[in-house]
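Below, chain A is the first sequence line, B the second, and so on; all start at residue 1. Atom set for the values below is all heavy atoms of this structure, side chains included, hydrogens, waters and symmetry mates excluded.
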Protein chains: 2
Amino acid sequence: MRIYDIIMKKRDNEELSQEEIKFFIDGYTDGSIHDYHAAALSMAIFLNKMNERETIDLTDAVMHSGETIDLSNIEGVKVDKHSTGGVGDTTTLILAPLVASLGIKFAKMSGRGLGHTGGTIDKLESIKGFNTSLSTEEFINNVNNINVAVIGQTKNIAPADKKLYSLRDVTATVDNISLIASSIMSKKLAAGSDAIVLDVKVGSGAFVKNYDDAVELATLMVKIGEGMGRRTMAVISEMAQPLGNAIGNAIEVIEAVDVLKNEGPDDLRELCLTLGANLVVMANKADNYEDARELLKEQLSNGEALEYFEKLITAQGGDINFINDYDDLPKAKYIKEIFSLEDGYIETIESDDVGIASLMLGAGRVNIEDDIDHSAGIYILKKIGDYVTTDEPMAVFYTNNESLIEDAEKRFHSAFKYCDSPIDHPQLVKAIVSIDGVKKFK
Amino acid sequence: MRIYDIIMKKRDNEELSQEEIKFFIDGYTDGSIHDYHAAALSMAIFLNKMNERETIDLTDAVMHSGETIDLSNIEGVKVDKHSTGGVGDTTTLILAPLVASLGIKFAKMSGRGLGHTGGTIDKLESIKGFNTSLSTEEFINNVNNINVAVIGQTKNIAPADKKLYSLRDVTATVDNISLIASSIMSKKLAAGSDAIVLDVKVGSGAFVKNYDDAVELATLMVKIGEGMGRRTMAVISEMAQPLGNAIGNAIEVIEAVDVLKNEGPDDLRELCLTLGANLVVMANKADNYEDARELLKEQLSNGEALEYFEKLITAQGGDINFINDYDDLPKAKYIKEIFSLEDGYIETIESDDVGIASLMLGAGRVNIEDDIDHSAGIYILKKIGDYVTTDEPMAVFYTNNESLIEDAEKRFHSAFKYCDSPIDHPQLVKAIVSIDGVKKFK
């Protein structure tokens, strides 16, 4: 087999066999196939597309390019969740203890933040003593004992995806549904869970800009997951504005605890209930979606979800004192109220710009090796549809470096557009996609 | 300007500007744009194509990626010829002195052979003392004095083409008309002549397999040449079988001398007259094609063409004694008659296989640094339409290494297909393409 012939085949719009796809991924991983081969093939795939069968085979090959996690020593259905990337998205911190409190196994590997989106691992490391680097044995023991553990991703998950994604990123071949779907699913499948809920963000702040594309991507990922023997569902959720009010690390932890205390912002709570209910159904802990939601609401109001968050923290060496005293989390030296530059209803928010403003305050990183300021971030007081005036604060900035505020504030303001007439609050959950089809929400 | 955006633009089937094309070629030449960028862009160009304007700009950028030869110190119209690559094609050795004998300036840079096709420089180096590495000053002086000089290509002609062609060769992006046309024309234009005749080969032994594609390629190259201010014409010629009878180096020199002596194979003579007549017309030495042909025939019969060949050899340090005594050229130790394996009419000949058989006897090279055996080669006695029997020789092999004969013979025989009924000899010259259109030959 020769990579030349494989490139030529896809160039000529022919279907690649499983063996050809595996030959490409294995060779690219071990370096016998070069970046320029992969670049030519990626462009051919981009323009001539892959069908569902090819996409599943690609996912399988990428998934097996490195380590796959064996969770068979954990009893019961292991669940996982993936988000296509949002700003202020702290759902994992809520979802993990919430579903664990119902006896569902949540063995979660998470990433660090990069660019305008934050990462669960960074958020958890705001908590004093919290250890995100458990050994595989500790990880599995913890899930067996308390149903939940959250650790950093091991380096060797789907190495072909890391290489291929970096290449696609510089050769204008990212935006292809097969390549996106296989990239996401290869990592999720390698992480070893039995049931996966995908949070596919759509809107100005997401990389999928319109509803139809989001449904297409969600449907393909569900088919890949199910095709490879995992229960898979997807939620299409709006990313027209940051989720919840907090964007940062410590302040997102506080917001998560608020939700676990049955308080907190409605949109964040709603998304957690929606994602969670799908996991509860797939884990066979409820007969239907509505029953599952009721079960989860009960866990929030009876305090059991919060109790599991405390168990999770304690089991991973963290200090739970902050739960009743938020001052125990990293605190910013500089706190500044930000005022609107004009009166009006907020019409649109560019979430990316808000995420970048938060990064500029120290909450995020441009390069993976950068340090972050866990106390930094932005707490938004006004969202789409809210009326703002120039004499009331619309956000609060947190940082340890006062000199960063001015530029961050400019970037923050650039994210907002206003209008004179009242405007509806955007609908958060747009649809749920399963192997049986799309259930659209009104 | 960013290469990413340029790739994305072509990916999205948009037209690239002159500046964008130049940015790509300059960056690829200096190494700031990487192979993977060029591979992705080449595939996007392959699949979404380039229009005529983009192709001319690409040619211009590639042509200016290195040295361009300044022939302004040579008086009169400087002509050049290019062939898209054939087996047994020794036209340059005939054409150069033939048109020079009419006072036309033929300042020619040629290449060495690689793979199944031979190179003019290797052929000339069969001649004792012949120096193919003149200084630019000597080169120009010779053309001014005797109208003709033939030297090896300088290393720095269109370096972007060398890089891009090597890359296209391993990424399945060779067969695109814009990329092929710009690759050929960039080098020809950099070589500095005022008028160019292109010999576009078509058929089983050429990389262009059918007539329509050949006309399309020829037309595009003529438009590029004329678009950049050079007189340009193209001849579409059949490459269903090797040209002439000799395939090798010394034996092709002999065949060229035969034609210059007004003898030699008809097809080789005919192609030289056709190519030459177009040059004569473009150099304003005749009013029309027919007159030009007559002039050239006269130069062959009156001995002046041969005289200019002798001048060329002498001016470049070669010994002309071989012209009257072919034994003065490198002679093979082993000469073997090859017999047909069956009786019948020759129906088809795969020229590539004959070229490779000759290479296997030592006449060619696989890698550019390989040595060649100037005496080696194949003299074909029978061509398409000829009747062969198993008891008469169909070819003669020449080599200095007897052990090479067996494998070469197998390869040689694999090139031939036979049939029982008589078959026409193929038509050699199919059309002449000028900026005014296509003149098809019956």
- Message: Counting heavy-atom pairs closer than 4.5 Å to chain B, which one of A/Ile6, A/Ile3, A/Leu47, A/Leu41 comes out on top?
- Response: A/Leu47
Dump the table of donor-acceptor contacts under 3.5 Å between chain B and chain A, or return none if there are none.
residue	atom	partner	partner atom	Å
B/Arg11	NH1	A/Ala172	O	2.7
B/Ala172	O	A/Arg11	NH1	2.7

- Note on the structure: For B/Phe46, the ring pair (Phe, Tyr, Trp, His ring centres under 6.0 Å) test, sequence neighbours excluded, returns none
- Message: How close do B/Met43 and A/Ala40 get, counting heavy atoms only, and between which atoms?
- Response: CG-O, 3.4 Å
